Amino acid sequence: MNLITIAFRNMQQRGLASALTMISMALGVALVVVVLSISWIIKESFDRNSNVGYHLIVGAKGGALQLALNTVFYLSQPIEVIPYEEYLEFLPGDDGRPNEIKRVGGWIAEPERKGIFSSYTRGGFAIPVCLGDYVGRFRVVATKPEFFEKLRYGKAADQEYRFESGRNFQVYSPEHGYFEAVVGSRVAREMGISVGDTVKTTHGDPEGEGHGQPFTVVGVLAPTGTPNDRAVFINLEGFYLIDGHARAFEDEAHPDAEKVYVEPELPPGQPPPLPLEKRDLTAVLVKAGQPMFAVHMARPINKRLRTQAVSPVKEVTNMLEMFVDPVRNALLAVTIVVCLVSAVSILVSIYNSMNERRRDIAVMRALGARRDVVLMIVLLESMLIAFSGGALGWVAGHGLAALASPLVEQRTGIQIGFLSSITWVELTLVPGIVILATIAGIVPALAAYRTDVSRHLT
Amino acid sequence: MLEVHGLHKSFLLPDRTRMPVLEISELVVPAGEQAVLIGESGCGKTTLLHCIAGITAADAGSIKIDGIEITRLSESGRDRVRASKIGYVFQTFNLLAGFTALENVRLGMTFASGAKDRQRAVAMLERVGLGDRLHHKPSALSVGQQQRVAVARALVNRPKLLLADEPTANVDPANQQKIIDLIRECCDENRIALLMVTHSMHVAEQFERVIRLEEINHAVRDVLLESAE
Ligand SMILES: Nc1ncnc2c1ncn2[C@@H]1O[C@H](COP(=O)(O)OP(=O)(O)OP(=O)(O)O)[C@@H](O)[C@H]1O
Ligand SMILES: [Mg+2]
């Protein structure tokens, strides 16, 4: 018989106490694993979405975090708007701005000039978004078809958006005019929407007043694991034509001296879109031609009267550090305490049994076991309890995570396999707990070491 | 096999005075000899066995086991000698409750340096007549059977010296003789020297050599003299 077998028998002999200690240890470890998995999921979902595939969000001055939350995650309250003219400044290339002006038409100053930031965005893009409406409980994103053509998602921002069914919406189509929509996968599933259905948007919040104008769903996005699964995308031009979406106070609509009227260049049969001077935007998603340009652009954007530039990656990282990390650390601290407590419970459990075992230890000594051997046997016992408890908890924690996986995937699009969420913290968990238990085991082990053999032999 | 010379052992009392328990000028048990040790309760029989086994360190004197002077060894050195050369049978058997009969016997082999094959443990249990009780825990064995497991455990390492401290005191009279016979036969078979403590005159009478501890232990004589005064 080797020492481990002896330690195992000792553990068996105190079955209930050992089992209880082991379970408390397992619960502690399972808790840590679950906490780590959850924080992994949170981090993962932020990670996936922080690399949004563009460099800057340009929006109205105000809370930077709020702007990022609104634009990236479709969370938080609606925010201030900026005039459409601001968007024009970002259109890439020398003729980006003039072309868009000709397409839309309306009152505008210097219609022939290129956009101020057009050289920065050459090779990149600028995509306008309007937020604020709802379909059911899901946010509406009014944007241009480029949203799905130019944006990429995923950790490396290299995955293209795919349509589970149907196609991207168009700026104007003969069948549906300006009123086409695309829905995210989760919206489609939860609301039972498929291609060919129509959706109506409500203003301001889910219970807001309904708009009369329906949009025809022409596409359903394949799941992406991004907030876009939870959004309804409608054509920006259609959005502007809905009652109440044109700028109400046309303080700038009065053509002042600088502004001139540009007639929109429309294909035959296409009704005119909302003119430029009546258009507002929530944000412009800007990808610079080079990452460095994005840094250089930020200052002049912020110097402008109405706009600010926000880096979504930075805001999301800040938020993680400000909000998610402390919570995770607090939870980790709690779970470490739980582990410490269960290590102490090993100590107490074995130490309490020392009195009944003194005779057994004395007998082993009488059979020729050296002091360090009986010390080792007791240490091994506490290591065994910790290891089995730790392993049990680890498996249970991951089992739990794997069980919750379908739910998590449904909610976040993130798949957790049994092992996918393992982090280095976790790999130190079971060894760490064994070390902890070994340290705790030293106390009863020393008692075994010191046992007075002759006194306990009869 | 066993040679004790000038052995002194005293205990430190709580009032910091020393109480001498053993003062033995000479005690020799040659290889293969079987001897009983008798004496009044408290005269130091168990203490003597503990000193010989190296469980307790002697204050002074020489104890040689199979030619090895154990009083000069460190504690772990004495542990090693005990593991390989000495078998010990206790009054209360001292089987480990969580281990089966076979495991208790194998435990006897665990701490010795020699071969640790299971087969030898099985053979030893068969020798003491428990071949069909290998996997019983002590609680599932009769008192006599338990003591036979203890005997098997003490002998499995083929020690040179078997120390037995009142091995039959807790066994019913019918089994007493069987245990004594078993111990003596096993020692005979392997030329193991036997030193057995007993309170039973009936047992003592069966041995050619009977050692009265009072006669060789001066410490006790002095105490007795003191109390007589
Ligand atoms: N650890 C100790 N500390 C102090 N005194 C002790 C200790 N162990 C034994 N003694 C004393 O030493 C003496 C001898 O004890 P021992 O156990 O050797 O007697 P014994 O001959 O085996 O008696 P019994 O026949 O009752 O078993 C006794 O007086 C006892 O009180
Ligand atoms: Mg005694």
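Remember, it's a predicted structure, so these values are computed and weren't measured experimentally. In what follows, every chain begins at residue 1, and chains take the letters A, B, ... in the order their sequences are listed.
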Smallest separation among heavy atoms of Gly368(A) and Ala83(B), with atom names: CA-CB, 3.6 Å
Grab the two heavy atoms, one from His50(B) and one from Ser454(A), that are nearest each other, plus how far apart they are. ND1-CB, 3.1 Å
If you draw a 6.0 Å radius around [atom1] in [X], do more than 12 non-hydrogen atoms from other residues or ligands fall strictly inside?
{"X": "Arg158(B)", "atom1": "CZ", "answer": "no"}
{"X": "Lys160(B)", "atom1": "NZ", "answer": "no"}
{"X": "Arg18(B)", "atom1": "CZ", "answer": "yes"}
{"X": "Leu340(A)", "atom1": "CG", "answer": "yes"}

Heavy-atom pair count under 4.5 Å with chain A, highest-scoring of [options]:
{"options": "Ile55(B), Asn94(B), Thr110(B), Thr47(B)", "answer": "Asn94(B)"}
{"options": "Glu75(B), Arg106(B), Met109(B)", "answer": "Glu75(B)"}
{"options": "Glu103(B), Arg78(B), Glu166(B)", "answer": "Glu103(B)"}

Rounded to the nearest 0.5 Å, what's the gap from CG on Asp360(A) to CZ on Phe99(B)? Could you check? 7.5 Å
Any chance you could measure Thr56(B), atom OG1, to Arg455(A), atom CZ, to the nearest 0.5 Å? 11.5 Å
What part of Leu95(B) lies closer than 4.5 angstrom to a heavy atom of chain A: side chain, backbone, both or neither? backbone
Which atoms of Ala97(B) approach chain A - backbone, side chain, both or neither, heavy atom under 4.5 Å: both
Working for side chain to side chain contact (heavy atoms under 4.5 Å, CB included), residues Leu107(B) and Arg9(A): CA-CA 12 Å; Leu107(B) 204 63; Arg9(A) 281 274 177 280; over 6 Å; no
So, the side chain of Arg371(A) versus the backbone of Ser76(B): is there a donor-acceptor pair under 3.5 Å, distance only? no
For the pair Arg80(B) (side chain) and Arg370(A) (backbone), establish whether a donor and an acceptor sit closer than 3.5 Å, ignoring hydrogens and angles. no
For side chain to side chain contact (heavy atoms under 4.5 Å, CB included), just list the numbers for Leu96(B) and Gln13(A), CA-CA rounded to whole Å, side-chain angles, deciding distance to a tenth of an Å, and then say yes or no. CA-CA 10 Å; Leu96(B) 269 61; Gln13(A) 205 183 340; over 6 Å; no
